[in-house]
2 protein chains.
Amino acid sequence: MVTMSDVAREAGVSMMTVSNVLTGRKRVGEPTRDRVLAAVESLGYEVNLTARHLRAGRTDTVALIVPSFHDYFGEVADRIAPLIEAGGRHLVVERTSADARSEMESLSLPRLQMYDGVFLSVAGLHADELDRVPSSAPIVLLGEREVPGRFDHVRLANVEGARLATAHMLERGARRVLALGGAVGSSAGMESDRQTGWAQAHRAAGLAPGERLVVPVPDFTSEAAFHAVVRLLDDGVPFDGVFAVNDTVAFGAVAALTERGVHLPDEVQLVGFDNLGVSRFVPPGITSVDPGYDAVAATAVRLLEQRMTGSDAPREHVTIPVQLVERGSTRRLR
Amino acid sequence: MVTMSDVAREAGVSMMTVSNVLTGRKRVGEPTRDRVLAAVESLGYEVNLTARHLRAGRTDTVALIVPSFHDYFGEVADRIAPLIEAGGRHLVVERTSADARSEMESLSLPRLQMYDGVFLSVAGLHADELDRVPSSAPIVLLGEREVPGRFDHVRLANVEGARLATAHMLERGARRVLALGGAVGSSAGMESDRQTGWAQAHRAAGLAPGERLVVPVPDFTSEAAFHAVVRLLDDGVPFDGVFAVNDTVAFGAVAALTERGVHLPDEVQLVGFDNLGVSRFVPPGITSVDPGYDAVAATAVRLLEQRMTGSDAPREHVTIPVQLVERGSTRRLR
DNA sequence: TCGGGCCGGATTAACGATAAACCGAGGAGG
DNA sequence: CCTCCTCGGTTTATCGTTAATCCGGCCCGA
């Protein structure tokens, strides 16, 4: 590996002069600069960022740590990346430990301080992992779980979104709306808030949110949702609406209903959550709760940059408003 | 920031002893170790990975650098991550510069050497950017473009896949199969190889791959594909099959056809490419060319690890076989 | 003519961790 | 009783870069 001192020797100058030429931080005489640049070129020198980072005490890099590269966080990543780059930093995306065998070591504290700042999704985390994270670190939490007040946190208006989604179907004549992917027993994930909204909408409409309408979906995969809905149909469980706790789950439901010849939205209406890019294109178009991705990204970046400047402003817990996007999976109100 | 020397002072030992306790590389006496661990605990010390990386000359980190977090590369990332972690390293995902304004600086050579190895998608790169990358670097290229022989490269059997896909529809009665997202003029991306396969299938069936059947889709987005297909329908262009150069494009086509009341697969058959996770759930189920993601990931990781061990084995250009996955968007052969 | 700037560049001293060499004390073996 | 080894540590030097300081001319104004 060719180092700065190789370049310095080749150009017959000191290392500092090479450094100054490359960073432009101090003036260097024309002829000297040319010699240095020529040496850089001929040796193929590239600065060692690891050394620079150690020396500088920062990495100019921000990490987004998520449980999966897909779906909601894929969308968020796409929005956050340009904002971070606009601030002169790089964004890297990491998964909370990929291997299921040892989810203990999923969150490595030493790795956190490699980054100038971190967006951390709390979805895949255990509560005690969060306890070990020092509040001094420039971290913004993302996700729908309850988190300690000592962190900045960006979340969605889950209750409101679920209420909107469910009310939307009830207004259009649905009477038995499933909570697909709903919380069974006690749960602290996004599904519990969304189920709360689902229940609220029922009560507001003078209906009882029946226990039997809550359908768990393991891992919230399309696959699991598909099978869950197929089973409901096989068992003859009556329903005329589906509130899917997220669009991934909704996909499975749509496939199951379509394959069984159940017409959307005439026989069953369906609303998802997250408004993924593809949802608009899944026939008949999935009505979905849009999280306001740009607002999520902008807020998260604002909070993180505030924290990275060393501000000791009080931590903020921001709830991003959501909006229902109407598509073909629900009926038109006439 | 609390450093190892703080811990050493607190515990009344040398820094090396602290280091040895934490890494376990040398034996340390019981009482001493306890004092060190107590000091670590009370000061809240975490090792500085940047310093460790500089000293060690490696980062134990591998990067996957892709144009977007979505679709094909999202799937690949999910497969590569566990394999890399199994090798004791971490995987981070980066986007080739998010901002469209300056795609020049998208590939920063200094950043490359921060990683022990790099998977680099060539999709978003200009040819000259690749020229600047030294062949000595442990890099494996991913993607469907032609690349210099001095790099390891993993690609898909694009021609074969497209041929399979198109022949599949022709065998089932289609006579006018669009190449949706096909190459107009000269192109070196995935679309040109896939269009070649589309044309081959036509000729093998004794048909002429008509110029008018090639429909460009800017940026290969669902949105653009949607509009392209809507325009075809409006213009009354006759077709009874669609080969979409990838599933994202296919989604747009499916939505356009469905919304216009064109029945899949009776009136128009459709095949995509990439077999994304969601494709199975998009009604009526998208027949798609499956890239063999596991093989892609395994091959890429094998090549990179070989390169990272310093092997000077000849560079390999591997073409991963593909397989057609039949679903509802094409007819059943009886 | 002399002191004070300024300019272009070299020297020094870190950033935080660790490999390698070193060293004192205690025990085993001849 | 002396040598040699092992154990449990310490010291030294280094990874590659850069902030801070220093230094020798040269020009300029008084």
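Fair warning: this is a prediction, and the values are worked out from it, not measured in the lab. Each chain gets a letter, A, B and so on, in the order the sequences are listed, and its residues count up from 1.
In this structure, Gln113(A) atom CD and dA17(C) atom C1' are separated by 12 Å, rounded to whole Å. Rounded to whole Å, the distance from CG on Asp60(A) to P on dT17(D) is 16 Å. With rounding to whole Å, Arg25(A) atom CZ is found 20 Å from dC7(C) atom C1'. Counting to the nearest Å, the P atom of dC7(C) and the CZ atom of Arg33(A) are 14 Å from each other.
The side chain of Lys26(B) has dG9(D) as its nearest neighbour among dA19(D), dG9(D), dG16(C).
Side-chain atoms of Asp60(B) and His90(B) form no donor-acceptor pair, as typed in the model, at a separation below 3.5 Å.
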>> Using salt bridge (Lys or Arg N to Asp or Glu O under 4.0 Å), reason through Asp116(B) and Arg58(B) one step at a time and then give a plain yes or no.
In response: CA-CA 6 Å; Asp116(B) 289 356; Arg58(B) 38 190 187 80; 5.2 Å; no
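Aromatic ring centroids of Tyr293(A) and Tyr72(A) lie under 6.0 Å apart.
Remark: Thr3(B), Met4(B), Met15(B), Met16(B), Ser19(B) in residues 3-21 of chain B come within less than 4.0 Å of DNA chain C through at least one heavy atom. Taken residue by residue, residues 48-58 of chain B places heavy atoms nearer than 4.0 Å to DNA chain C at Asn48(B), Ala51(B), Arg52(B), Arg55(B).
With respect to the salt-bridge test (charged N to carboxylate O, under 4.0 angstrom), the residues Glu46(A) and Arg132(B) do not qualify. The pair Arg155(B)-Glu146(B) counts as a salt bridge, with a side-chain nitrogen and a carboxylate oxygen less than 4.0 angstrom apart. Looking at Arg302(B) and Glu316(B), a side-chain N of the basic residue comes within less than 4.0 Å of a carboxylate O on the acidic one, giving a salt bridge. A salt bridge is absent between Glu85(A) and Arg89(A): the closest approach of a Lys/Arg side-chain nitrogen to an acidic carboxylate oxygen does not fall below 4.0 angstrom.
Between Arg27(A) and dG8(C) there is a side-chain polar atom (N or O) within less than 4.0 angstrom of OP1 or OP2.
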Side-chain polar contacts of residues 1-13 of chain B - donor-acceptor pairs under 3.5 angstrom, sequence neighbours left out - could you list them?
residue : atom : partner : partner atom : Å
Thr3(B) : OG1  : Ser5(B) : N            : 3.1
Asp6(B) : OD1  : Arg9(B) : NH2          : 3.3
Asp6(B) : OD2  : Thr3(B) : N            : 2.8

